[in-house]
Amino acid sequence: MRINISRRNINDPFVRKVEELSGQNLMACYQCGKCSAGCPAVSQMDILPNQIIRLAQLGMKEELLASRAIWLCASCMTCNTRCPKGINIAEVIEAVRLILLRKSKDHLEVKELSEKVREEVPPIALISSMRKFTS
Amino acid sequence: MKISYYPGCTLKNNAKNFEDSTICALKQLGVEVEELSRWNCCGTVFSLATDDLMHHIAPIRNLIRVKEANSDRVMTMCAMCYNTLKRANERVKNDRESLDRLNEFMYREGTKYNGDVKVLHLLELLKNDVKFEKVAAKVVKPLKGLKVANYYGCYLVRPQDIGLDDPENPTILEDLAGLLGATPVNFPFKTECCAAYQTVDKPEVVAERTNQILTSAQNQGADVVTVSCPLCAFNLDQRQKETAQIYPEFKNIPVLYFTQLLALALGCPEESAGFDLNYIDPKPILKEKGLI
Ligand code: SF4
Ligand code: SF4
């Protein structure tokens with residue numbers, strides 16, 4: 001993939017917003033890849049957790065907001081407990097999701113779930129997916 | 001001993017056996033649970049965004065209910081409720097400004113919250129209050145010959161400051177299973193995420209994990225797998241149906257709440273374990289081992 005790095009992107013308010021919402025210093029990441037090595041969701045992800053951090057550092061908003069990976073992260077906190085720089089990667093991914101969700105772009109349409117799904121899954125599953133995937 | 005108890009939503013329906021088996025087991029140990037009145041859903045997940053105070057209202061309101069019950073401790077069993085209540089509590093304890101704002105949001109509550117309630121998991125109550133030795137002494141039906149793989153999942157042990165046990169290699173459930181006379185089996189996927197709420201719209205992602213987690217436990221010789229979260233239970237137990245459809249090599253294995261085995265070992269009647277709510281029937285293997 002061709003990547004254009006520009007000062008304009010790096011200074012984009014999007015980067016500040018991600019840092020603010022997540023409470024993390026993105027530049028602390030030195031791309032060791034440990035977060036991705038332990039992430040249980042990588043086999044399904046289009047970009048890996050360390051790449052999410054890299055894209056956020058560089059302000060590559062479009063790539064991040066369009067990725068499938070941010071919806072596959074289940075905030076399992078494995079990466080957070082392992083990052084040698086103490087970065088809470090799960091919080092960064094949550095911040096990216098929230099930037100979309102707060103524009104009322106829900107990822108899950110509860111109304112569109114089939115009767116079967118709504119009946120079979122327990123309340124804890126429905127509530128948590130709504131908390132994570134809707135605004 | 002009496003303890004305030006927060007059940008959480010799913011323990012009142014799909015996970016009724018988690019609640020019933022716990023209450024019976026605690027009774028055998030001389031602990032009486034007092035369910036909070038007017039408790040509400042904790043929200044199931046702790047809000048990770050720095051500015052999202054609104055979603056901390058639900059867990060903190062439950063802690064106000066604890067104060068209203070004239071208690072300063074609350075016990076819960078569901079790993080997700082425990083995580084959410086405990087993390088929200090820690091957050092407001094360390095951030096008075098947030099706490100003041102939350103109290104302002106809840107101005108109609110008669111009681112203000114000061115950060116002075118302790119959130120306990122059942123495992124902590126058993127280990128530190130009842131004491132594991134006493135649990136061992138009260139075993140009337142040792143789980144002899146039963147090989148148990150103890151699945152922790154995420155929210156019982158992560159993030160680190162949850163502090164229930166080591167986040168990478170917890171052993172508290174193995175310790176307990178050993179005291180009950182079972183043979184705990186270690187397996188490398190015991191803290192691997194089951195994909196949680198992805199089960200609603202991406203069940204195939206859950207099936208992949210369920211296959212990995214349960215096959216790993218079986219490879220280590222497990223007869224049953226135990227869990228402490230109703231969402232893990234759904235994914236590892238009910239989702240075995242989808243797992244078997246996608247992975248023909250997959251073999252079913254019973255998945256139980258750890259409290260179902262606890263209740264059995266402490267001599268509770270079989271009904272209190274509520275095996276009928278388990279999807280893969282654990283009774284055949286329990287019968288084979290002479291436990292029911
Ligand atoms: S583990 Fe931490 S430092 Fe390493 S790549 Fe991931 S976020 Fe960056
Ligand atoms: S929190 Fe998300 S990114 Fe981190 S290990 Fe878990 S699933 Fe992967």
Side-chain angles (χ1 to χ4, degrees), chain A residues 17-24 38-41 43-45 68 71-83 86 88-99 101-102 107-110 112-114 116-133 135, chain B residues 8-15 41-52 55 58 78 80-81 83-84 153-155 157-162 166-168 189 191-206 208-209 212-213 229-235 238-239 241:
Chain A
K17 192 76 199 160
V18 172
E19 288 199 321
E20 201 182 290
L21 286 177
S22 65
Q24 305 302 307
C39 171
S43 67
Q44 318 264 342
M45 285 176 165
R68 178 176 145 82
W71 305 108
L72 283 159
C73 162
S75 303
C76 79
M77 305 284 156
T78 304
C79 51
N80 287 17
T81 53
R82 294 183 184 173
C83 173
N88 289 342
I89 299 100
E91 272 80 342
V92 174
I93 302 176
E94 176 98 339
V96 178
R97 277 192 301 263
L98 283 177
I99 287 172
L101 292 175
R102 287 183 182 178
H107 176 70
L108 180 82
E109 280 298 339
V110 181
E112 280 164 25
L113 292 173
S114 70
K116 179 179 165 281
V117 171
R118 273 186 279 172
E119 262 170 32
E120 90 181 336
V121 301
I124 194 169
L126 270 182
I127 299 165
S128 49
S129 64
M130 283 162 66
R131 282 278 287 102
K132 287 290 194 176
F133 294 154
S135 57
Chain B
C9 308
T10 309
L11 273 80
K12 293 294 176 187
N13 40 71
N14 303 56
C41 172
C42 68
T44 70
V45 286
F46 173 74
S47 269
L48 298 175
T50 50
D51 68 346
D52 185 9
H55 286 107
C78 165
M80 287 179 86
C81 298
N83 193 287
T84 306
C154 308
Y155 285 165
V157 289
R158 286 192 296 270
Q160 205 137 2
D161 40 17
I162 273 295
D166 186 289
E168 293 287 357
F189 286 88
T191 59
E192 185 98 345
C193 177
C194 68
Y197 44 81
Q198 309 281 10
T199 203
V200 175
D201 60 334
K202 308 176 198 78
E204 68 290 350
V205 174
V206 171
E208 187 196 338
R209 307 283 177 85
Q212 265 181 347
I213 294 165
C229 169
L231 186 46
C232 301
F234 180 78
N235 286 346
Q238 266 85 353
R239 286 282 185 237
K241 189 169 154 224

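Both backbone and side-chain heavy atoms feed into the values below; hydrogens, waters and symmetry mates do not. By convention in this document, chain letters (A, B, ...) are assigned in the order of the sequence lines, proteins followed by strands, and residues within each chain are numbered from 1.
Contact annotation for Leu113(A): only side-chain heavy atoms (C-beta onward) come within less than 4.5 Å of a heavy atom of chain B. Heavy atoms closer than 4.5 Å to chain A are found in both the backbone and the side chain of Ala49(B). Heavy-atom distances place the side chain of Tyr155(B), and not its backbone, under 4.5 Å from chain A. For Ser128(A), the parts lying under 4.5 angstrom from a heavy atom of chain B are both the backbone and the side chain. Neither the backbone nor the side chain of Lys12(B) comes within less than 4.5 Å of any heavy atom of chain A. For Glu120(A), the parts lying under 4.5 angstrom from a heavy atom of chain B are both the backbone and the side chain. Ile127(A) touches chain B through backbone and side chain together, each having a heavy atom under 4.5 Å away. For a residue to count as touching a neighbouring chain, one of its non-hydrogen atoms must lie under 4.5 Å from one of that chain's; by this rule Cys78(B) touches chain A with the side chain only. Contacts between Val117(A) and chain B at a heavy-atom distance below 4.5 Å involve the side chain alone, from C-beta outward. For chain A, no part of Cys81(B) is nearby; none of its heavy atoms comes within less than 4.5 Å. Proximity to chain B (any heavy atom under 4.5 Å) is shown, for Leu21(A), by both the backbone and the side chain.
Note: Gln198(B) leads Gln160(B), Glu192(B), Gln198(B) in heavy-atom pairs under 4.5 Å with chain A. When Gln238(B), Gln212(B), Met80(B) are compared by the number of non-hydrogen pairs under 4.5 Å with chain A, Met80(B) comes out ahead. In terms of heavy-atom pairs under 4.5 angstrom with chain A, the leader among Asn14(B), Val205(B), Thr199(B) is Asn14(B). The candidate with the highest count of non-hydrogen atom pairs below 4.5 Å against chain A, out of Cys41(B), Pro203(B), Ser47(B), Ala15(B), is Ser47(B).
Nearest approach of Val200(B) to Ala125(A), heavy atoms of both residues: CG2-O, 3.6 Å. Closest of all the heavy-atom pairs between Ser43(A) and Glu208(B) is OG-OE2, 3.2 Å. When all heavy atoms of Lys202(B) and Trp71(A) are compared, the pair lying nearest together is NZ-O, 3.5 Å. Taking all atoms of both residues into account, the shortest heavy-atom contact from Glu20(A) to Thr50(B) is O-OG1, 2.6 Å.
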Report the C-alpha distance between Ile124(A) and Phe234(B) in whole Å, list the side-chain angles of each, state the deciding distance to 0.1 Å, and finish with yes or no for side-chain contact (heavy atoms from CB on, under 4.5 Å). CA-CA 10 Å; Ile124(A) 194 169; Phe234(B) 180 78; over 6 Å; no
Stepwise side-chain contact (heavy atoms from CB on, under 4.5 Å) check, Thr44(B) with Met130(A): CA-CA 10 Å; Thr44(B) 70; Met130(A) 283 162 66; over 6 Å; no
